Amino acid sequence: MAVTSNRIPLGGLARKLVADGLLDEQTALRAFQTALSSRTPFVKYLIENKLADSTTVAHAASEEFGVPLVDIEAVSIDPEIVKLVSEELIRRHHALPVFKRGSRVFIAVSDPTNLQALDEIKFHVGGHTDAVLVEEHKLAKAIDNSLEAADTGLTGVDDSDFDNLDDLEIGAQQEAQPDTSAEVDDAPVVRFVNRVLLDAIKRGASDLHFEPYERFYRVRFRVDGMLAEIAKPPLALAFKIAARIKVMSRLDVSERRVPQDGRVKLKLSKTKSIDFRVSTCPTLYGEKIVMRILDSDASKLNIDQLGYEDFQKELFLRNLHKPYGMFLVTGPTGSGKTVSLYTGINILNKDEINISTAEDPVEINLAGVNQLQVDERTGLTFTKALKAFLRQDPDVILVGEIRDIETGSIAVKAAQTGHMVMSTLHTNDGPSTVTRLQDMGIPPFAVATSINLITAQRLARRLHPDFRQPLNLPPEGLLAEGFTRQEIDGGITLFGPGNGGAECPSGYKGRVGIYQVMPITETMKRLIMEGKNAVQLADQAAAEGIWDIRKSGLSKARQGMTSMAEINRVTME
């Protein structure tokens, strides 16, 4: 009498892997049965349990079934196509719609024998479907990234993720506006905005951009100085998202024709809070909102953390402690000028020193410092603030920015009459700062006798020390970049960003400062009073051993802190 076997015969991909010697028959059978009973895709089960290599399985499947193998990391996935299928269906079948050609939708799968997935997705997209084969580990990552970007309807957000965000407080700069719009009382939108704020903090972002366009809406973060898209909520929610942020910032929800400024305080714990500066701007398709993260911890950085070379730090501290004169920090927007100034203020912030600041706006609150926010609408300008400070028995005055001759003239007079004046200008380097003040109309003699030190700076992305890769550049290339023959002969190893995977996809983490620290020496003062131009002043600075921004950047690259690509990005003019 024949005995009936309960053994499930191997078929499809499992049979191919056994035939190619990639799996033994017993292992393949157990994996196939377990995956079947747990309703887990066979390939996913193999990879998760490390029974086979993702790339090997993909090549075997492509060869067996004639399905094209695609590198999904090189494919631009259309978020609108992803939205055609529910997240539940994508995750259950481990299949992702990636792009559309005509009436055909191409579905990325790691197991081409999963015909049920293709049939169900075909039903939902309402057209023909073709499978493309993708390595399992790349498909899993693409599914997570695509679903996060598509963010279909803001569902699936766990309220428990935001338990520590319930204590949102509103900044005191704006008068409260009554919330007359019922449309902003939308729980999914509230959760989405909260999630974005928390995610920005976790990623170390400096700015958040909420941007409406004609056919889509996107959210971008600026991390380490670079903007990147992180979400594309439905366009229909553009108004609700803007309204929610405006309510949090105590702005006028009904006013959408003019820019508005506000502030949000986010309490993360009893001792930790983050401020967001909010700016709205009406655009062609709605209000764009930019939120700047103002983390008070950034103002408490030790000067050693900023990236000054030892001799630059010595110049910085020596001139910071002078009883009078001007201490200027220059550079483009986003170059870290505020952090440098606040680091200096923290060093000077002692009981015996009276410090007053005029800022637009006050970005970080400092205990022990008298901070005033400039408001052009009420007539409280930098000039008026400076005049008021001089009647308040100050030792140190910080002016957020010297913008015009009136502010500059009062700042110079204050520096000449026994006060330390700290301020910023938007210039490229130290020598051009001198000529900029003269162009405003401040006499060369006043400029020469008032300035103690000018610090010009940039911020470059810092290489992740665990993932950086050494580069092999020929001597001619190093010479072209600006290194000297002596430095090259002594040996230079430069590094570039490596692939840090999910932990550090860009190969960079954090930023490092690049500085020109230029004291105004007696020789420099004489040249200024003689009316020398910026080029002549730069030549004198070089003769005195002062590094320009480029040389300081080359030093950071030589130390392996950053890459030459970053140095070229921030120092090439």
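From a predicted model like this one, the values you see are computed outputs, not experimental measurements. Just so you know, these numbers use all the heavy atoms, side chains as well, and skip hydrogens, waters and symmetry mates.
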Answer yes or no: is there a donor N or O on one side and an acceptor on the other, between the side chain of [X] and the main chain of [Y], under 3.5 Å?
| X | Y | answer |
| --- | --- | --- |
| Gln371 | Leu366 | yes |
| Glu566 | Arg461 | yes |
| Ser249 | Val264 | no |
| Glu73 | Lys138 | no |
| Ser423 | Val399 | yes |
| Gln457 | Ser335 | yes |
| Arg203 | Val223 | no |
| Thr343 | Val339 | yes |

Could you list the residues that satisfy ring pair (Phe, Tyr, Trp, His ring centres under 6.0 Å) with [X], not counting sequence neighbours?
| X | value |
| --- | --- |
| His464 | Phe467 |
| Tyr515 | Tyr308 |
| Phe99 | Phe106 |

### Query
Does a donor on one side chain and an acceptor on the other come within less than 3.5 Å for Gln260 and Thr280?
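Note: Gln260 and Thr280 side chains miss the donor-acceptor criterion.
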### Message
List the residues meeting side-chain contact (heavy atoms from CB on, under 4.5 Å) with Ala557, not counting sequence neighbours, and say none if there are none.
### Response
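With neighbours one apart ignored, the set is Leu494, Met564, Ile567.
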### Task
List in chain and number order the residues that pass side-chain contact (heavy atoms from CB on, under 4.5 Å) with Val570, two or more places apart in sequence or in another chain; answer none if no residue qualifies.
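Result, side-chain contact (heavy atoms from CB on, under 4.5 Å) vs Val570: Arg458, Ala460, Ile514.
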### Message
With a 4.5 Å cut-off on side-chain heavy atoms, are Pro259 and Pro282 touching?
### Response
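Yes. Closest side-chain heavy atoms under 4.5 Å.
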### Task
May I ask you to test the His426-Glu401 pair for a side-chain heavy-atom distance under 4.5 Å?
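A side-chain contact under 4.5 Å exists here.
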### Message
Nearest 0.5 Å, please: how far is CZ in Phe210 from CD1 in Ile245?
### Response
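The CD1 atom of Ile245 sits 4.0 Å away from the CZ atom of Phe210.
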#### Entry: Between CZ on residue Arg256 and OG1 on residue Thr283, distance to nearest 0.5 Å
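Rounded to the nearest 0.5 Å, the CZ-OG1 separation comes out at 13.0 Å.
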### Intermediate values then yes/no, side-chain contact (heavy atoms from CB on, under 4.5 Å), Met291 and Leu197
CA-CA 9 Å; Met291 302 179 73; Leu197 298 185; 3.8 Å; yes
### Query
Using 4.0 Å as the upper bound for N to carboxylate O, is an ion pair formed by Arg104 and Asp130?
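Looking at Asp130 and Arg104, the cut-off is met.
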### Message
Show me the pairs that pass ring-ring contact (aromatic ring centres under 6.0 Å, His included) and involve residues 213-237, at least two apart or across chains.
### Response
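Residue pairs passing ring-ring contact (aromatic ring centres under 6.0 Å, His included), neighbours aside: Tyr213-Phe216.
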### Message
Could you check whether atom NZ of Lys509 has more than 12 heavy atoms from other residues, nucleotides or ligands sitting under 6.0 Å from it?
### Response
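No - once you tally the heavy atoms of other residues, nucleotides and ligands closer than 6.0 Å, there are 12 at most.
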